[in-house]
Student: 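Got a structure for you, questions after.
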Amino acid sequence: MTVRQLSANVVNRIAAGEVVERPASAVKELVENALDAAARRIEIVTDGGGRRLIRVTDDGNGMTRGDLALAVERHATSKLPDDDLMALDTLGFRGEALPSIGAVARLSIATRHASEPHAWVIEVDAGAKSEVKPAALNDGTRVEVRDLFYATPARLKFLKTDRTEAEAIRDVVRRLAMSRPDVAFTLAGEERAPVTWGAVLPGPAGRLARLGDLLGVDFRQNAVAVQGGREGLIVEGWAALPTYTKGNTLSQYLFVNGRPVRDRLMLGAVRGAYADYLPRDRHPVVALFIAVEPREVDVNVHPAKTEVRFRDAGLVRASIVRALQEALARDAQRTATTGGEATVAAFRGNTAFRPNLTPRRGWDWRTSPAFAVQGATALAGFAEAAQAAFDTGAPAAAQVLAEAAPDLLDRPLGAARAQLHETYIVAQTRDGIVIVDQHAAHERIVYERMKAALERDGVARQILLIPEIVELDEADVERLTARARELAKFGLVLESFGPGAVAISETPSLLGETDAQALVRDLAEHIAEWDEALPLERRLMHVAATMACHGSVRAGRRLKADEMNALLREMETTPNSGQCNHGRPTYVELKLGDIERLFGRK
């Protein structure tokens with residue numbers, strides 16, 4: 001076949017397939033344009049999941065008549081003043097969004113610049129452009145996209161239901177709203193009630209307020225501030241406590257220079273930072289904002305700009321891990337507020353705690369346990385008889401302590417007052433009660449001691465009599481040998497053994513007799529995917545956690561008052577004591593107000 005040049009129309013539709021994958025992609029491009037135009041209010045209206053209508057209205061700078069005519073041409077942009085692709089400080093820069101949308105839909109753009117006497121409008125119908133005409137608009141820009149993909153009907157078959165597409169649009173707008181809390185967003189459409197996220201003051205408090213509006217009050221109550229970075233890289237944001245988790249990574253919101261991304265390196269860093277807190281099937285909730293010199297990151301590696309490539313990936317990963325770990329360690333004694341709420345909800349949902357005060361038909365009050373005495377003395381002794389009816393002897397499953405010392409009531413975990421079922425410690429604070437799982441709490445304490453000892457003294461190694469040879473791909477060998485120093489820190493010593501193998505000479509003694517072949521292959525696979533040596537660290541910490549579990553106070557052991565209070569005081573000074581080694585909370589706190597609401601006092 002001969003080579004021929006594709007027509008401009010076909011080229012535009014191919015570009016549209018790269019940039020406008022679905023209605024949410026069009027919304028993303030249009031809202032990013034509004035943000036780059038310094039908009040302070042953005043309104044998004046959709047119909048039919050964005051298939052029938054997308055309207056984005058902003059109060060930004062707007063465009064002049066000449067700029068508007070050029071904006072719908074391919075590769076026309078105002079965001080690269082000197083053609084330097086490595087000095088980008090805007091969200092959009094390719095100049096493909098508007099012509100690509102216009103190639104597959106009916107596009108209308110009305111805009112007014114401050115220097116113009118009135119607004120201008122241009123229309124693009126399946127690639128055919130109209131003349132620029134006068135229009136009515138106070139300020140900013142209004143973009144309407146109707147009948148998306150009508151010019152390429154085959155693309156419509158790949159769209160999902162209106163509700164699903166509308167939810168994808170909502171997710172895109174939510175992520176952009178997270179990145180710019182100083183901008184007010186309104187999202188409306190046939191599929192949902194209108195919702196507005198008002199602009200907030202700059203700074204961490206304002207960002208948390210916006211995140212609370214978007215992610216819910218539970219996140220706001222259980223989030224810790226993240227602040228870190230070095231060498232010109234800044235890591236900021238908020239991360240949820242390890243006891244507040246989700247079943248997938250969809251609640252991990254990552255941003256680079258204000259751009260929402262789904263970057264594998266950053267996801268792996270979050271995973272590594274929480275590795276010591278969570279089981280493998282649970283995932284943290286985070287919103288992290290990375291600020292880096294534009295020349296240190298390439299945002300031009302994906303048509304939709306959802307992936308980035310860092311010049312110094314190691315610096316980015318280390319900065320994220322360190323910032324998250326410092327934030328979690330700072331608030332490590334806290335546990336999720338949802339634990340107390342779940343406890344209250346469990347009480348409310350238990351019908352056993354709802355007394356039925358309606359007398360049964362045919363019930364004789366004289367058969368009540370309170371009517372324990374016969375004759376005329378029964379009514380006179382009603383109160384005493386009632387008390388006797390509830391006197392069932394000393395509680396077998398509870399150990400009640402003496403009155404609490406007043407100074408202990410002001411401590412974060414209060415003063416021990418009772419032990420229930422020889423497993424749970426009940427402590428009293430000034431404004432509530434705390435219920436502690438004694439085994440889980442002591443397990444974390446012992447585990448943290450072991451971690452500190454490993455950090456201080458290093459991981460002991462055992463030398464193999466005969467080095468074990470593991471055959472791998474050359475690329476895997478290069479990755480492993482590049483991490484040899486890091487692996488040696490964890491007790492695994494290896495070196496290259498030719499182009500397609502490594503020789504293992506020492507293994508961590510903590511693992512005992514281990515399958516070195518399987519261990520190294522797992523490491524190679526994980527490093528290839530996540531660029532980190534997490535499996536080895538996980539295995540070592542798992543062994544340490546198991547040892548801590550067996551060496552801690554067991555459930556079913558009766559503790560003395562001094563022992564209970566000593567455990568509470570040690571929890572208050574131990575890092576990460578809010579959750580056990582398996583990610584479960586070590587204690588639940590109930591505020592006095594919650595308890596009073598249970599009994600209808602409030």
Side-chain angles (χ1 to χ4, degrees), residues 211 215 218-229 235-255 261-290 313-314 316-339 440 443-444 447-448 450-452 454-455 486 490 522-523 526-527 529-546 548-549 574-586:
L211 291 174
L215 301 181
D218 285 344
F219 177 80
R220 184 163 49 200
Q221 291 177 347
N222 295 291
V224 296
V226 179
Q227 182 77 43
V235 181
E236 294 178 323
W238 294 85
L241 295 169
T243 43
Y244 179 75
T245 60
K246 300 289 184 180
N248 54 47
T249 61
L250 296 180
S251 295
Q252 295 176 11
Y253 301 93
L254 309 173
F255 303 84
V261 298
R262 292 290 295 175
D263 185 73
R264 188 175 63 180
L265 170 73
M266 297 173 67
L267 289 171
V270 172
R271 219 162 83 120
Y274 277 85
D276 197 26
Y277 302 93
L278 301 181
R280 299 188 66 175
D281 60 340
R282 301 302 298 175
H283 302 274
V285 182
V286 299
L288 293 182
F289 303 84
I290 310 299
V316 175
R317 183 186 184 279
S319 298
I320 293 174
V321 171
R322 184 177 181 84
L324 282 172
Q325 288 182 340
E326 288 179 350
L328 295 175
R330 187 174 60 248
D331 286 343
Q333 282 75 32
R334 286 176 58 193
T335 188
T337 59
T338 50
E443 182 181 352
R444 170 57 76 173
Y447 179 49
E448 291 297 330
M450 295 185 67
K451 280 172 53 183
L454 289 174
E455 183 72 22
E486 180 183 352
F490 294 120
D522 284 350
L523 279 171
H526 193 88
I527 291 175
E529 181 178 3
W530 297 100
D531 192 32
E532 58 185 16
L534 188 58
L536 179 57
E537 186 177 1
R538 270 189 181 276
R539 289 198 182 197
L540 291 172
M541 292 301 102
H542 177 72
V543 173
T546 303
C549 182
T574 299
N576 315 314
S577 62
Q579 59 279 324
C580 74
N581 309 342
H582 313 292
R584 295 189 296 270
T586 57

Student: Would you say Asn576 and Tyr447 make side-chain contact, with heavy atoms under 4.5 Å?
Tutor: no
Student: Holding to side chain to side chain donor-acceptor pair (under 3.5 Å), I want the full list of residues that pass it with Arg584, two or more places apart in sequence or in another chain.
Tutor: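 By the side chain to side chain donor-acceptor pair (under 3.5 Å) rule, Arg584 matches no residue at all.
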Student: What is the minimum heavy-atom distance between Arg317 and Ala269, and which atoms define it?
Tutor: CG-CB, 3.8 Å
Student: Between Val226 and Ala327, what is the shortest heavy-atom contact and its length?
Tutor: CG2-CB, 4.0 Å
Student: Take Leu254 and Ile290 through the test side-chain contact (heavy atoms from CB on, under 4.5 Å) and record every step on the way to the result.
Tutor: CA-CA 8 Å; Leu254 309 173; Ile290 310 299; over 6 Å; no
Student: Identify which one of His283, Arg282, Gln579 satisfies the side-chain hydrogen bond (donor to acceptor under 3.5 Å, both in side chains) criterion when paired with Thr245.
Tutor: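 Per the side-chain hydrogen bond (donor to acceptor under 3.5 Å, both in side chains) rule, the option paired with Thr245 is Arg282, out of His283, Arg282, Gln579.
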Student: Grab the two heavy atoms, one from Val270 and one from Pro284, that are nearest each other, plus how far apart they are.
Tutor: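 Minimum heavy-atom contact is CG1-CG, 3.7 Å.
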Student: Quick one, Leu324 and Val235 - any side-chain contact, counting heavy atoms below 4.5 Å?
Tutor: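 Counting from C-beta outward, Leu324 and Val235 never come under 4.5 Å.
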Student: Would you kindly say whether Thr249 and Arg262 are connected by a side-chain donor-acceptor distance under 3.5 Å?
Tutor: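 A pair is found: one side chain offers a donor N or O, the other an acceptor, under 3.5 Å apart.
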Student: Any idea which heavy atoms bring Tyr253 and Leu215 closest together, and the distance?
Tutor: CE1-CD2, 3.4 Å
Student: Of the non-hydrogen atoms in Phe289 and Gly237, which two are nearest, and what is the gap between them?
Tutor: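 Taking Phe289 first and Gly237 second, the nearest heavy atoms are CD1-CA, 3.9 Å.
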Student: On a heavy-atom basis, which atom in Ala239 and which in Val286 lie closest, and how many Å separate them?
Tutor: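 Of all heavy-atom pairs spanning Ala239 and Val286, the closest is CB-CG1, 3.7 Å.
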Student: Kindly write out the residues that satisfy ring-ring contact (aromatic ring centres under 6.0 Å, His included) with Phe219, not counting sequence neighbours, or none if the list is empty.
Tutor: none
Student: So, does Arg444 use its side chain to make a donor-acceptor pair with the main chain of Ser577 at under 3.5 Å?
Tutor: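 Checking the backbone N and O of Ser577 against the side chain of Arg444, no donor-acceptor pair under 3.5 Å is found.
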Student: Nearest 0.5 Å, what's the CG-CH2 distance between Asn222 and Trp238?
Tutor: 12.0 Å
Student: Which is it for Arg322 and Glu326 under the salt bridge (charged side-chain N to carboxylate O under 4.0 Å, His left out) test, yes or no, and what are the steps along the way?
Tutor: CA-CA 6 Å; Arg322 184 177 181 84; Glu326 288 179 350; 3.2 Å; yes
Student: Supply the atom-to-atom distance Leu288 CG to Gln252 CD, rounded to the nearest 0.5 angstrom.
Tutor: 8.5 Å
Student: Checking Asp218 against Tyr244: is there a side-chain donor and acceptor pair closer than 3.5 Å?
Tutor: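 No.
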